2 protein chains.
Amino acid sequence: MLVVVTPVESSEKPGRRDRKKLETRAALEHAALRLVAERGLAGVTVEDIAEAVDVSSRTFFNYFPSKEDAIIGTPTSEVELSKRLTAAPAGLSALQALGLALREEAELIQTQRDKWLLRLKVFESNPSLLSRLVAGGAEAERGLAAAVAERAGGADDGFAHLVTAVSLAAFRVAMVRWYAADGGPSLAGLVDQTFSRLAAGLPDPAPLPS
Amino acid sequence: MLVVVTPVESSEKPGRRDRKKLETRAALEHAALRLVAERGLAGVTVEDIAEAVDVSSRTFFNYFPSKEDAIIGTPTSEVELSKRLTAAPAGLSALQALGLALREEAELIQTQRDKWLLRLKVFESNPSLLSRLVAGGAEAERGLAAAVAERAGGADDGFAHLVTAVSLAAFRVAMVRWYAADGGPSLAGLVDQTFSRLAAGLPDPAPLPS
DNA sequence: GCAAGAAATTTCAGGCTCTGCAATCTTTTA
DNA sequence: TAAAAGATTGCAGAGCCTGAAATTTCTTGC
């Protein structure tokens, strides 16, 4: 049976077998991204991707449940984000804690600048994928919201979901903006700016003084 | 050729032909929703839905590009939302204007309470659909953001996208909350409360005084 | 009322996605 | 090195979705 490789406790090196699996997965991700960037989502079949990596298409589906998932890759899980949340200083508000966790994420993404710019380029021409950016999709959002609620100590009237959904949306916007600027500015900086605006209540930006 | 029926200027009644088309579309929407609520997304095929309405499955695809789209129905277009935006009083901030437009939306949804509660129930067990709730998906979000930017009078450093994305996310959360409360509270009220929180900068809610 | 003409539906063929299952090949481990 | 565990593969099949051509249904002008 093929099972997702659990990173274990970062110690214990994986062994040849698991290393190969990681390699194959990375190769599939890479090929999917490259091909789709070239030819568009509809112009690439799963068979194309599998062939580029020299495995059967059946094997592709052993690694990813769908073509889209290969393009999205193996994003930071909501579990990881939740951990960061609970690790954040207790004094911070939920919004601040989320901002911090996502700032870390930004720094991580920045270290893989080219891959992410390419991915965002693909997302641009396939907006349906965008919603799965970071802790992809509503399920992860729920999990993260639960962590926020717990951090806040229970009783929730929907605030946890709200602040979580809003934060993730804001993060997405920051990423798109980063992409639009061709990865020039610091993503973490953009995230910070975005969260400042959130914390300020999203007032209209002051028009530049003539 | 089958073309989406343009509502025209509300005058000029549609004529039998177009009325039938509307009927078929509504019937497909309804059947899709009902069946999927009963058996789950995977438990219903397009053929099932078409059969329930007594048309061919090819005809189904003349009305909806995918099974999911039938479930989502025919939501308020981002064009309509954009209109509301430009119609909003000039003095309002972007966030306030969006809040107003979405409040209207809430009232509209409230008038179709049962249908929407059923739809949200389906969304709950199929979170992948959730992202398309209201002005579904990233494309509509872009259009709406453009309207926001224009309203604000041009120069945009990403604020328009941010406030738009955040507002839509907030609206989604309000809807889910409304569903969770079984449609009891006023949706418009929940939307108002949500936008108040946004405008206040999402401060942690004060713990109840013991 | 009736004959074009327009429009919607249907049938058909076909490609692609994704899944379960059984066979095969490879790696690990004893 | 043999047995066990695990990964890959081929195969069959269901389901989604599309284009094109044929058919049926509606509309319109006479």
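Quick caveat: nothing in here was measured; it's all calculated off a predicted structure. Chain letters run A, B, ... following the sequence lines, proteins first and then strands; every chain starts at 1.
Ion pairing of B:Glu29 with B:Arg119 is present here, as a side-chain N (NZ or NE/NH1/NH2) and a carboxylate O approach within less than 4.0 Å. Residues A:Arg84 and A:Glu105 are paired through a salt bridge, judged by an N-O separation under 4.0 Å between the basic side chain and the carboxylate. Taking 4.0 Å as the cut-off between side-chain N and carboxylate O, B:Glu23 and B:Arg19 do not count as a salt-bridged pair.
For A:Arg25 and D:dT8, the CZ to P distance is 12 Å, given to the nearest whole Å. Between A:Lys21 atom NZ and D:dT8 atom P there is a gap of 8 Å when expressed in whole angstrom units. D:dC17 atom P lies 13 Å from atom CG of B:Asn62, rounded to whole Å. Rounded to an integer number of Å, the gap from B:Ile49 CD1 to D:dC16 C1' is 12 Å.
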Each nucleotide of nucleotides 12-17 of chain C classed B (base within 4.0 Å of a protein heavy atom), S (only sugar-phosphate) or -, in 5' to 3' order, makes ----SS
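Within the 4.5 Å cutoff, the side chain of B:Ile71 has no heavy atoms near those of the B:Phe64 side chain. Side-chain contact check for A:Ser82 versus A:Glu78: some heavy-atom pair is nearer than 4.5 Å.
Looking at B:Thr86 and B:Arg151, their side chains never bring a donor and an acceptor atom within 3.5 Å of each other.
Contact annotation: A:Ser56 side-chain N/O to D:dT9 OP1/OP2 distance is under 4.0 Å.
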